[in-house]
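Per chain, numbering begins at 1; letters A, B, ... match sequence-line order.
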2 protein chains.
Amino acid sequence: MRHIRRLDRELKKGSAELLVLSLVEPQPRHGYEIGKLIERRSQGALRFNAASLYPLLYRLEKRGWLHGRWVEKAGQRRRRYYRLTPEGRRVLGRQRRGWAAFVEAVRLITGLEHA
Amino acid sequence: MRHIRRLDRELKKGSAELLVLSLVEPQPRHGYEIGKLIERRSQGALRFNAASLYPLLYRLEKRGWLHGRWVEKAGQRRRRYYRLTPEGRRVLGRQRRGWAAFVEAVRLITGLEHA
DNA sequence: TGTAATATGTGGCTATGCGACATATCAGGC
DNA sequence: GCCTGATATGTCGCATAGCCACATATTACA
């Protein structure tokens, strides 16, 4: 991944959950922070629109995989911090295995070595 | 990828093009054969429904990435064989790089090592 | 005769990412 | 005081693509 190329929209579908769950595993984070982390860690290759990210967080909370709470501090806008629930942790494990299986399946079919 | 688990539907989106283009690269193949190859090479982990595969082949042909022709032989049902066009070959190269970049981006964000 | 595999095709449903737009706070420059 | 940009969250409607269910036809085999 040398040049910053915007990645295919369809390819991203279904990967967002794994990314979000992974990022809130070590510590609670708020939505904007998650979005920026995805962008920075991928060196700009991967970016999720706010119109994707916030509804996703809402879905993950509704499913009981994340727990969110509002935090208001003086000198800061309101933020909603999300932490991983026990069930979210189990789902993350399943998604990690699922992702590895998927990458391996594509490798087997295409004969591609991964970067 | 030990046990044959059906992979997440959303995860598959966007990967089908790369798989099909890869499979018809060395030789022309027909739709049913492509479907079976995906299933066998991935050891059953990845499977595309006919309702995904045939419309996809139609789209790839319409875009000029594949060229299809009907082949009828005695003792066989009619088959539509697809071969890669020169443009399809260029697209395949782009998609391979895009896939590698995507996998690498997910790895950077999640810290996951791929299987 | 019946079942399974081969081979292709379609209508409607669903899930999800995105463009465009909206709102509000805060920092910094002019 | 005003403007711009970053921070922070949110929604409406659109487009894409995989799937369920169903349909059709031929061949192979018990």
Please confirm whether the shortest side-chain N or O distance from B/K13 to OP1 or OP2 of C/dG17 is below 4.0 Å.
no

Is the count of non-hydrogen atoms from other residues, nucleotides or ligands lying under 6.0 Å from B/Y81 atom OH greater than 12?
yes

A/A51 side chain: which of D/dC12, D/dG18, D/dT9 is closest?
D/dC12

Ignoring the backbone of A/E17, work out which of D/dA21, C/dT16, C/dC18 is nearest its side chain.
C/dT16

Could you state the atom-to-atom distance from OH of A/Y82 to C1' of D/dA8 in whole Å?
11 Å

Can you tell me the distance, in whole Å, between the OH atom of A/Y58 and the C1' atom of D/dA8?
19 Å

Is A/Y54 near enough to D/dG10 that one of its side-chain N or O atoms lies under 4.0 angstrom from OP1 or OP2?
no

Are B/E10 and B/K13 close enough for a salt bridge, meaning some N to O gap below 4.0 Å?
yes

What's the CG-P distance between B/L53 and D/dA17, to the nearest Å?
14 Å

Below 4.0 Å: OP1/OP2 of D/dT26 and any side-chain N or O of B/R77:
no

Given 3.5 Å as the limit, does a donor-acceptor pair link the side chain of B/T85 with the main chain of B/G64, or not?
yes

Rounded to whole angstroms, how far apart are NZ on A/K12 and C1' on C/dC18?
8 Å

Side-chain contact check for A/S52: nearest option of D/dG18, C/dC18, D/dG10 is C/dC18

Hey, is A/E104 close enough to A/R107 for a salt bridge, meaning N to O under 4.0 Å?
yes

Considering only heavy side-chain atoms of A/Y32, the closest of D/dT9, D/dG18, C/dG17 is D/dT9

Whole angstrom value for the distance that separates C1' of D/dT26 from CZ of B/R80
19 Å

Let's see if you can work this out: which of D/dC19, D/dT27, D/dG10 has an atom nearest to the side-chain heavy atoms of B/N49?
D/dC19

Quick one: is B/R59 getting a side-chain N or O under 4.0 Å of the D/dA17 phosphate, OP1 or OP2?
yes

note: B/L46, atom CG; D/dC19, atom C1'; distance rounded to Å ~ 14 Å

May I ask you to say what B/F48 touches in the nucleic acid, namely base, sugar-phosphate or nothing, with a heavy-atom cut-off under 4.0 Å?
sugar-phosphate

Spacing between A/R79 atom CZ and D/dG10 atom P, to the nearest angstrom
14 Å

Between A/K36 and D/dA8, does any side-chain N or O lie under 4.0 Å from OP1 or OP2?
no

Output the rounded distance in Å from CG (B/L11) to P (C/dT14).
22 Å

Donor-acceptor contact present, side-chain B/K12 to main-chain A/F102, <3.5 Å
no

